[in-house]
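Let me begin by presenting the structure, written as structure tokens, before commenting on it.
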Amino acid sequence: MPTATATAIKPSRQEVSAASPDLAVIKARQQAAWSSGNYAVVGTTLQIVGEELCEALDLGAGRKVLDVAAGNGMVSLAAARRWCNVVSTDYVASLLECGRARALAEGLSIEFQEADAEALPFANGSFDTVVSTFGVMFTPNQDKAAAELLRVCKSGGQIGLTNWTPDGFIGQMFKTLGKYLPPPAAANSPLLWGTRARLTEMFGPASTWIKAEPRHFNFRYRSAEHFVEVFRTYYGPMLKAFSALEVSQQTRLQKDLYDLIARMNKADDDTMVVPSEYLEVVIMKR
């Protein structure tokens, strides 16, 4: 596996206006998408990613940790298991309830709070560590979200992220969906968060260093058909994509997804084992 690399600091791109009506509409649609289905069914399977991110951050007991766009608490739980003081946030209340149920079942102490990643309700420098696993990357106003992560992190603190890459399985899955439902022109692709260049633009000027290491998560399902059925039922963006298409288009999309899985499947039987690349990112704030 490639070794971790530190990115150079470059000037930040001009921030998209937070008042853009196009971005406001996109955010509303995204919130509706993530509120549909039940992302917790998928998020629970990704738990190892949260554990590995906490190890990459070398989280110690007693640290104040904020989980942004936390979903059902993948990394919130991992940090709480390390005796950190954790606040878990998302703008989908039902997902926070799922996270609260998981924490209760494990006897973990976590504070859950509804919050928009682009307007976090916390004072400057409130947290030692700010994290997000496959969450903040989906914000419409990327520069604003990155600025908020930096703002609430104390000087000398760390930001830890996991972001799907454009060339990985999930990146290719979103490109496949985009063939049928092109993404809004007003928003940058979430997959840019999975590139070193974009991370440097957003975080470089305010950071001492940025380390980004490619990792892989293995999607393990009974079959390609099982994966597609689970995702079109529970994963908001795919659920909304299928529901917006006519039956003939749904059939073509389904076939394209099966073909994508077949190209990337590493299983030697009838099951599905598809590695999906993501970037594990650790940022040291100045």
Side-chain angles (χ1 to χ4, degrees), residues 22 25-46 48-49 69 71 74 92 133-140 142 162-195 197-198 214-279:
D22 289 336
V25 170
I26 292 168
K27 179 186 288 188
R29 290 175 178 170
Q30 285 184 339
Q31 187 170 11
W34 291 112
S35 299
S36 65
N38 184 0
Y39 175 74
V41 173
V42 174
T44 300
T45 68
L46 300 165
I48 191 173
V49 174
M74 179 203 316
V92 178
T133 48
F134 312 126
V136 73
M137 65 179 289
F138 291 102
T139 52
Q142 297 183 356
T162 62
N163 303 320
W164 300 118
T165 63
D167 294 329
F169 171 62
I170 294 297
Q172 293 301 306
M173 184 186 81
F174 273 104
K175 289 180 181 179
T176 300
L177 294 176
K179 289 169 51 181
Y180 295 87
L181 291 174
N188 290 324
S189 168
L191 300 172
L192 291 173
W193 284 76
T195 66
R198 183 67 175 123
R215 291 190 177 274
H216 291 83
F217 173 81
N218 289 318
F219 283 92
R220 298 178 182 270
Y221 284 77
R222 299 187 186 103
S223 63
E225 292 78 11
H226 180 222
F227 172 86
V228 172
E229 180 62 26
V230 168
F231 265 63
R232 70 180 292 180
T233 302
Y234 299 110
Y235 191 70
M238 190 178 289
L239 184 158
K240 288 294 188 181
F242 270 98
S243 64
L245 299 175
E246 297 179 353
V247 173
S248 60
Q249 291 178 304
Q250 291 181 15
T251 300
R252 291 197 294 272
L253 171 56
Q254 184 170 273
K255 182 182 182 302
D256 284 350
L257 291 170
Y258 290 159
D259 290 344
L260 172 63
I261 292 168
R263 292 196 301 271
M264 303 185 77
N265 196 5
K266 303 300 182 183
D268 57 6
D269 53 20
D270 294 331
T271 66
M272 171 182 157
V273 182
V274 172
S276 186
E277 184 184 60
Y278 67 92
L279 280 189

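All values reported here derive from a predicted model rather than from experimental measurement.
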Subject >> Reference residue Phe138; test ring pair (Phe, Tyr, Trp, His ring centres under 6.0 Å); the match among Phe174, Trp193, Trp164 >> reply: Phe174
Of the non-hydrogen atoms in [X] and [Y], which two are nearest, and what is the gap between them?
X: Ser189; Y: Gln142; answer: O-NE2, 2.9 Å
X: His216; Y: Pro275; answer: CD2-CB, 4.1 Å
X: Val136; Y: Ala69; answer: N-CB, 3.6 Å
X: Thr165; Y: Glu277; answer: OG1-OE1, 2.8 Å
X: Lys240; Y: Leu181; answer: O-CD1, 4.5 Å
X: Ile26; Y: Pro184; answer: CD1-CB, 3.6 Å

Original post:
Should Asp259 and Lys255 count as an ion pair when the cut-off is N to O under 4.0 Å?
Top reply: yes
Between [atom1] of [X] and [atom2] of [Y], what distance do you get to the nearest 0.5 Å?
X: Thr233; Y: Asn38; atom1: OG1; atom2: CG; result: 11.0 Å
X: Leu279; Y: Arg215; atom1: CG; atom2: CZ; result: 11.0 Å
X: Met264; Y: Met272; atom1: CE; atom2: CE; result: 9.5 Å
X: Glu225; Y: Glu229; atom1: CD; atom2: CD; result: 10.5 Å
X: Leu239; Y: Trp34; atom1: CG; atom2: CH2; result: 11.5 Å

Original post:
If you count the non-hydrogen atoms of other residues, nucleotides and ligands that lie under 6.0 Å from CG in Asp270, is the total more than 12?
Top reply: no
Subject >> Neighbour count >12 (heavy atoms, 6.0 Å) for atom CZ, Arg252 >> reply: yes
**OP:** Determine, using ring centers only, whether Phe219 and Phe169 are less than 6.0 Å apart.
**Re:** yes
Original post:
Can you list the steps and then say if Tyr234 with Tyr39 is a ring-ring contact (aromatic ring centres under 6.0 Å, His included)?
Top reply: CA-CA 6 Å; Tyr234 299 110; Tyr39 175 74; over 10 Å; no
Original post:
Would you call the rings of Phe231 and Tyr235 parallel, tilted or perpendicular if under 30° counts as parallel and over 60° as perpendicular?
Top reply: tilted
Original post:
Does one side chain, of Gln172 or Arg263, offer a donor that lies under 3.5 Å from an acceptor on the other?
Top reply: no
**OP:** Go through the steps for Tyr278 and Phe134 under the test ring-ring contact (aromatic ring centres under 6.0 Å, His included), then give the verdict.
**Re:** CA-CA 9 Å; Tyr278 67 92; Phe134 312 126; 5.5 Å; yes
Is there a donor-acceptor pair under 3.5 Å between the side chain of [X] and the backbone N or O of [Y]?
X: Ser276; Y: Gly168; value: no
X: Thr251; Y: Val247; value: yes
X: Asn163; Y: Met137; value: no

